[in-house]
Participant: 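Take a look at this one; I'll ask things after.
Counting from 1, the numbers follow the sequence of the chain as shown.
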Amino acid sequence: MPAPESAFRSTPFAVEVIRSPRRQKTVSARVVEGRIRVRIPAWMSADDERRFVTDAVERIEQKRRSASVDLEGRGRELAASYDLPTPKSIRWATNQQHRWGSCSIGSGDIRISMRLLDVPPWVLDHVIVHELAHLVVPDHSDSFHRLLARYPLAERATGYLLALSDLPVHASGDATAVQPRLAG
């Protein structure tokens with residue numbers, strides 16, 4: 001059964017919902033022949049269907065859009081441009097709800113919150129540079145902030161992220177004290 005197209009304007013794919021009497025609990029979604037095919041249990045209510053299908057379509061769209069951003073390449077370029085270490089890996093993270101990014105100093109792995117998928121490139125670059133700087137300085141000391149200041153749009157990007165988070169700044173005015181936060 002095709003889903004109403006107006007419900008999924010964010011995707012270029014048609015959405016097809018298949019109710020299955022054999023499916024008891026799970027919902028699955030994948031792109032098949034140019035359309036998103038979502039399989040749901042037959043017993044689901046219309047409200048359940050709308051919620052699960054919307055979530056499934058959003059996950060597929062996020063995955064499709066994130067594939068178009070070369071985080072590894074961007075990380076290498078920014079590391080070279082700002083004389084910072086190259087990370088071992090850099091990838092999107094779907095489970096970061098309170099941080100824009102994170103860095104595992106020991107392994108050199110960087111994770112960027114999927115919530116940043118649609119921000120302007122200069123904001124994403126700032127978060128990457130922030131995490132790259134943590135590969136040198138693990139805390140938010142003056143030494144760290146000197147490294148971060150190498151990125152010319154750091155202050156502007158911090159303002160953007162503050163507005164995006166829509167949360168109050170601590171009395172110190174430190175953007176790192178704002179949740180969601182950049183973290184290492």
Participant: Listed by chain and number, what are the side chain to side chain donor-acceptor pair (under 3.5 Å) partners of N95, not counting sequence neighbours?
Facilitator: none

Participant: With sequence neighbours excluded, tell me which residues meet side-chain contact (heavy atoms from CB on, under 4.5 Å) with S81.
Facilitator: none

Participant: Taking side-chain contact (heavy atoms from CB on, under 4.5 Å) as the definition, give me every residue that meets it alongside E72, ordered by chain and number, with sequence neighbours left out.
Facilitator: D70, R76, S89, I90

Participant: Do we see a donor-acceptor contact under 3.5 Å between the side chains of H130 and H134?
Facilitator: yes

Participant: Return the set of residues passing side chain to side chain donor-acceptor pair (under 3.5 Å) with D142 (not counting sequence neighbours), or none when no residue passes.
Facilitator: none

Participant: Kindly state each residue pair satisfying salt bridge (charged side-chain N to carboxylate O under 4.0 Å, His left out) with at least one member in residues 117-126, sequence neighbours excluded.
Facilitator: R65-D118, R74-D125

Participant: Kindly write out the residues that satisfy side chain to side chain donor-acceptor pair (under 3.5 Å) with D83, not counting sequence neighbours, or none if the list is empty.
Facilitator: none

Participant: Among residues at least two apart in sequence or on other chains, which ones pass side-chain contact (heavy atoms from CB on, under 4.5 Å) with A149?
Facilitator: none

Participant: Is it true that atom CZ of R30 has more than 12 heavy atoms of other residues, nucleotides or ligands lying nearer than 6.0 Å?
Facilitator: no

Participant: Name all residues meeting the salt bridge (Lys or Arg N to Asp or Glu O under 4.0 Å) criterion together with D139; count only those two or more places apart in sequence or in a different chain, and write none if there are none.
Facilitator: none

Participant: Just jot down the side-chain contact (heavy atoms from CB on, under 4.5 Å) partners of S20, sequence neighbours excluded, or say none.
Facilitator: R22, R23

Participant: According to the ring-ring contact (aromatic ring centres under 6.0 Å, His included) rule, which pairs have a member within residues 101-123, sequence neighbours left out?
Facilitator: W122-Y160

Participant: Please report the shortest heavy-atom distance between I110 and L132, naming the atom on each side.
Facilitator: CD1-CD2, 3.7 Å

Participant: How are the rings of H140 and H145 set to each other: parallel, tilted or perpendicular (split at 30° and 60°)?
Facilitator: tilted

Participant: Please identify each residue that fulfils side chain to side chain donor-acceptor pair (under 3.5 Å) with R146, with sequence neighbours left out.
Facilitator: S143

Participant: How about CD on E77, more than 12 heavy atoms from neighbouring residues, nucleotides or ligands closer than 6.0 Å, or not?
Facilitator: yes

Participant: Restricting to pairs with a member in residues 36-46, which pass side chain to side chain donor-acceptor pair (under 3.5 Å), not counting sequence neighbours?
Facilitator: E16-R37, S45-D48

Participant: Are any non-hydrogen side-chain atoms of V17 and I40 less than 4.5 angstrom apart?
Facilitator: yes

Participant: For G75 and I128, which heavy atoms make the closest approach, and how far apart are they?
Facilitator: CA-CG2, 4.0 Å

